[in-house]
Amino acid sequence: MKKLLSILSVALFTIASFQVQAQDASLDEIIDNYFENIGGVDAWKKVKSTKMTGTTTTPNGVFDIEVIGMEPNLTKITVNVQNMEIVFSAYDGETGWTLNPFGGSTEATKMPEEATAEMKKQPFQDEFIDYKEKGSTVELLGTKEIDGTETYEVKLVKKDGTEKFYYFDTENFVPIMQKQTLETPPMNGMVMETYMSDYQEVDGLMIAHSVESKVGGQSAMEMTAEKIEINAESVTKESFMMPKKADDNK
């Protein structure tokens with residue numbers, strides 16, 4: 001971490017001691033401390049759905065946004081632009097879809113198969129919960145500085161071969177960045193970095209309220225949560241379903 005110390009000798013001693021402590025932490029200690037600091041594994045297993053409302057900053061401006069998720073892998077991101085709702089992306093368990101009135105259509109359209117397959121692989125539950133039972137492996141690669149913060153670099157390889165890299169703050173044991181290589185067009189092969197900050201308590205759980213995604217080093221989207229709800233009654237399986245076409249309702 002960045003330290004404001006007035007005496008150089010004290011600074012050097014502190015940094016040297018901190019680095020030794022960081023290297024000595026085991027992988028199990030990092031994961032155990034992580035869950036302890038964000039509310040506990042048992043509490044997180046009780047989370048069946050989430051709802052985040054706030055704002056998103058994009059190259060085109062600042063807009064209201066709603067992000068909902070439900071186990072096992074349902075998700076939906078809705079952005080309000082000029083009082084019109086755009087479903088940026090959604091997955092209902094079978095179909096990935098979008099809805100963009102500004103694209104000249106008032107009906108939802110299916111996403112390409114590659115994009116749907118990628119969304120299917122994104123679990124709702126924290127990937128470190130029961131990771132061994134899920135067929136994943138994790139590896140502590142060492143320490144690395146991310147934007148001035150010392151972190152533990154942890155590599156997670158899922159059962160399907162997907163690789164992700166998590167960077168845990170060595171002081172608070174929460175991830176401040178996650179990195180992975182995209183596998184779907186048009187950004188296939190590019191690296192996406194997701195930065196998490198402003199952790200706040202929600203119903204006893206610590207959740208990042210600021211998330212920024214960068215692709216190829218360039219900011220793609222930044223989200224700031226104004227409210228996060230756990231197991232909200234308004235979030236149901238129907239919330240994620242692709243709307244039927246007008247002809248289908250006849």
Side-chain angles (χ1 to χ4, degrees), residues 34-35 37-41 43-93 96-100 108 111 115 118-129 164 166-169 172 174-180 192-215 219-243:
Y34 163 53
F35 282 116
N37 289 354
I38 64 171
V41 172
W44 276 100
K45 284 185 176 181
K46 295 177 182 178
V47 177
K48 306 303 180 183
S49 68
T50 56
K51 178 180 180 180
M52 186 282 283
T53 53
T55 59
T56 178
T57 302
T58 72
N60 296 319
V62 179
F63 308 103
D64 292 333
I65 188 172
E66 177 184 275
V67 181
I68 58 175
M70 174 178 280
E71 63 176 8
N73 54 4
L74 310 186
T75 183
K76 183 180 179 183
I77 302 175
T78 306
V79 180
N80 188 296
V81 180
Q82 298 177 8
N83 294 322
M84 298 184 68
E85 287 192 347
I86 297 176
V87 178
F88 183 76
S89 64
Y91 179 67
D92 60 15
W97 59 277
T98 63
L99 176 59
N100 183 8
M111 299 178 70
E118 186 64 26
M119 296 183 74
K120 184 179 181 179
K121 294 192 297 183
Q122 303 301 322
F124 172 75
Q125 188 180 70
D126 189 303
E127 293 183 305
F128 286 95
I129 293 178
K164 294 184 179 181
Y166 288 83
Y167 299 84
F168 293 85
D169 181 340
N172 299 306
V174 294
I176 63 170
M177 198 260 277
Q178 182 254 311
K179 180 176 68 176
Q180 69 180 106
M192 182 174 71
E193 299 173 337
T194 303
Y195 293 81
M196 295 82 75
S197 60
D198 189 22
Y199 279 83
Q200 298 180 35
E201 184 177 339
V202 180
D203 295 343
L205 306 176
M206 296 300 294
I207 301 176
H209 279 56
S210 179
V211 178
E212 181 182 12
S213 296
K214 294 182 179 181
V215 178
S219 181
M221 178 181 289
E222 183 175 356
M223 295 187 294
T224 300
E226 296 177 355
K227 183 179 181 181
I228 296 179
E229 300 174 68
I230 304 295
N231 297 331
E233 293 183 0
S234 60
V235 180
T236 65
K237 289 185 177 181
E238 287 70 27
S239 305
F240 304 88
M241 299 300 293
M242 180 177 176

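When each of Gln178, Lys179, Glu193 is checked for a side-chain hydrogen bond (donor to acceptor under 3.5 Å, both in side chains) with Tyr167, only Lys179 meets the rule. Checking each of Lys237, Lys51, Lys48 against Met70 for a side chain to side chain contact (heavy atoms under 4.5 Å, CB included) leaves exactly one that passes, namely Lys237.
Atom NZ of Lys121 is surrounded by more than 12 heavy atoms from other residues, nucleotides or ligands within 6.0 Å. For Phe88, the CZ atom sits in a loose shell: 12 or fewer heavy atoms of surrounding residues, nucleotides or ligands are nearer than 6.0 Å.
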Open item on the list: As a quick check of understanding, evaluate side-chain contact (heavy atoms from CB on, under 4.5 Å) for Ile230 and Ile207, giving each step before the final call.
Closed with: CA-CA 11 Å; Ile230 304 295; Ile207 301 176; 3.9 Å; yes

Task: Glu127/Lys164 under side-chain contact (heavy atoms from CB on, under 4.5 Å): CA gap, chis, key distance, verdict - done: CA-CA 10 Å; Glu127 293 183 305; Lys164 294 184 179 181; 3.2 Å; yes

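Looking only at atom types and distance, the side chain of Tyr91 has no donor-acceptor partner in the side chain of Lys76 under 3.5 Å away. Looking only at atom types and distance, the side chain of Glu222 has no donor-acceptor partner in the side chain of Thr56 under 3.5 Å away. One side chain, Asp198 or Gln200, offers a donor N or O that lies under 3.5 Å from an acceptor on the other.
Counting only heavy atoms from C-beta outward, the side chains of Thr194 and Val211 approach each other to under 4.5 Å. Side-chain contact between Ser239 and Ile68 is present, with at least one heavy-atom pair separated by less than 4.5 Å. Looking only at side-chain heavy atoms (C-beta outward), Tyr199 and Asn37 stay at 4.5 Å or farther from each other. Looking only at side-chain heavy atoms (C-beta outward), Glu229 and Met52 stay at 4.5 Å or farther from each other.
A ring-centre distance under 6.0 Å is found for Phe168 and Tyr34.
Of the possible donor and acceptor atoms, one in the side chain of Trp44 sits under 3.5 Å from a partner among the backbone N and O of Ile38. The backbone N or O of Val174 sits nowhere less than 3.5 Å from a side-chain atom of Asn172 that would complete a donor-acceptor pair. Using modelled atom types, one side-chain atom of Trp97 and one backbone atom of Phe240 make a donor-acceptor pair closer than 3.5 Å. With hydrogens and angles disregarded, no donor-acceptor distance shorter than 3.5 Å links the side chain of Asn80 to the backbone of Glu85.
Atom CE of Met119 and atom OG1 of Thr75 lie 5.5 Å apart (nearest 0.5 Å).
In this structure, the side chain to side chain donor-acceptor pair (under 3.5 Å) partners of Thr98, at least two apart in sequence or on a different chain, are Thr109.
Geometrically, Lys214 engages Tyr195 in a cation-pi contact, judged by NZ or CZ lying under 6.0 Å from the ring centre and within 45° of the ring axis.
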